[in-house]
Amino acid sequence: MPDWPARAVRGMHDLLPGAASRRRTLEQRIITVLDRYGYREIRFPVVEHSAVFSGMGESSDVVQKQMYAFADRGGTQLSLRPEGTAGCVRAGIEHGLFRSSEPQRLWYLGPMFRHERPQQGRLRQFDQIGVETYGLAGPDIDAELLLIGNRIWEQLELPPLELELNTLGTPEDRARYRQQLQSYFLASADQLCKLDRERLQRNPLRLLDSKDATTVALCQDAPDIVDSLCTESREHFAALCALLQQCGVVFRVNRRLVRGLDYYTATVFEWLLPGQGAQNAICAGGRYDLLVEGMGGPQVPAIGFALGLERIAGLRTETTPAEHPHAYLVIAGDPAPGMALAETVRSHLPWLRLLVHCGGGNLKRQLRRADRSGADYALILGATEYADATIALKSLRTDQPQQHLPWQELATHLARLYGRALADSPADD
Ligand code: HAM
């Protein structure tokens with residue numbers, strides 16, 4: 001017996017067959033929407049140099065407390081990615097994607113890692129689909145992203161989500177606001193809980209989404225970010241709101257929406273499940289016009305969002321796509337002719353799920369396996385069938401009489417049974 005438990009790491013989960021195929025269907029539906037808007041996939045590693053993530057902000061909890069950071073065998077400081085934006089920017093800089101004057105519209109899918117306290121909706125390994133755009137500064141691309149989000153929810157038939165929107169203005173606007181907030185809360189610093197006193201020093205904006213009752217009450221009279229915005233920031237936000245209204249997008253301006261990562265400038269947004277609060281946002285993002293340059297790239301405006309696949313999966317009652325085999329080949333004796341026949345049939349019928357019995361055993365036992373596999377048909381190659389190069393086809397789900405067919409007619413016969421052509425494309429059911 002090994003001395004380790006056969007148990008996944010806390011906050012990290014397996015997806016077993018069935019759940020895994022439901023997840024694949026969900027991902028595929030989202031990707032189809034992104035594809036229709038002209039977004040292209042990018043893949044980048046799960047591990048990066050830890051420095052890649054410092055641009056996400058020294059004051060963000062994700063960087064401060066939640067990174068899986070370690071030194072590799074050579075002593076290089078590495079981190080498991082807690083999100084995708086920083087890695088996407090690193091890849092874009094490294095491969096010159098931002099040198100082109102063409103805007104980039106990208107998406108990625110994959111696991112992210114945060115050492116959070118595991119609880120409902122909060123995992124230590126979770127999957128995100130992220131969408132990032134580069135080279136577009138106007139409110140039109142902000143609106144496009146919000147339209148994409150809404151189309152995804154519509155395609156997935158999710159319960160209604162609430163879209164909350166805010167602007168954090170330029171870095172100068174934000175610095176002004178930060179100072180105002182700090183002076184406001186400093187006056188009541190002794191009433192704040194330990195965490196919020198820490199936030200007051202590190203990042204006073206985070207006080208606005210504190211859960212502590214005293215801070216929440218103090219927030220009522222806290223200065224409003226609107227009063228710190230320059231004309232350009234106000235105009236960008238007003239133009240975005242107007243665009244959204246014209247496109248029929250329902251949203252709520254939430255002046256207290258600040259986001260937990262430090263790289264945001266101007267537009268920020270979250271889609272929430274009504275009544276659940278920002279802790280369980282389904283999808284969130286915003287503009288980060290300074291990050292590319294801050295990470296050593298050119299000056300490129302950027303905006304994106306990421307959605308949490310586990311949180312979305314939790315809202316849907318997805319039916320499991322058909323995974324049972326169409327046919328199960330039972331072989332008496334030497335497996336070679338049966339396996340060769342199965343390969344020929346697979347070449348003719350790319351959509352067919354054909355399972356070949358492995359592990360020997362008598363015909364009765366093999367037929368029991370065939371039945372348990374959920375297959376529609378058993379294909380039986382017994383001694384007689386070998387002798388005359390035929391195969392028996394037995395329905396496992398109906399009373400249809402068993403049939404005998406010559407080997408060369410098997411593919412055509414199966415195609416006819418399923419109403420498909422011989423050179424049909426793979427099944428998408
Ligand atoms: P985020 O708000 O940290 O933003 O995460 C985005 C989404 O990932 C959340 O709304 C949530 O659905 C999911 N998520 C986050 N943490 C967890 C967790 N511990 N367990 C389960 N799901 C989680 C970002 O990651 C930014 N990179 C988004 C972005 C892209 N901004 C610009 N471009």
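Whatever order the structure lists ligands and atoms in, that order sets their numbers, starting from 1. Note that the numbering runs from 1 along the sequence shown for the chain.
- Legend: side chain to side chain donor-acceptor pair (under 3.5 Å) pairs involving residues 244-255, not counting sequence neighbours, sorted by first then second residue: Glu164-Arg252, Glu164-Asn254, Asn166-Arg255.
- In this structure, the ring of Tyr418 has its center less than 6.0 angstrom from the ring center of His326.
- The protein residues lying under 4.0 angstrom from ligand 1, judged by non-hydrogen atoms, are Glu83, Thr85, Arg114, Glu116, Gly121, Arg122, Leu123, Phe126, Gln128, Glu132, Arg259, Leu261, Tyr263, Tyr264, Ala281, Ile282, Cys283, Ala284, Gly285, Gly286, Tyr288, Gly304, Phe305, Ala306, Gly308, Arg311.
- With hydrogens and angles disregarded, no donor-acceptor distance shorter than 3.5 Å links the side chain of Glu116 to the backbone of Pro118.
- Considering all non-hydrogen atoms of both residues, Thr85 and Tyr134 come closest at O-OH, 4.3 Å.
- A donor-acceptor contact shorter than 3.5 Å links the side chain of Thr344 to the backbone of Ala340.
- Shortest non-hydrogen contact noted between Gly359 and Arg365 is O-NH1, 4.4 Å.
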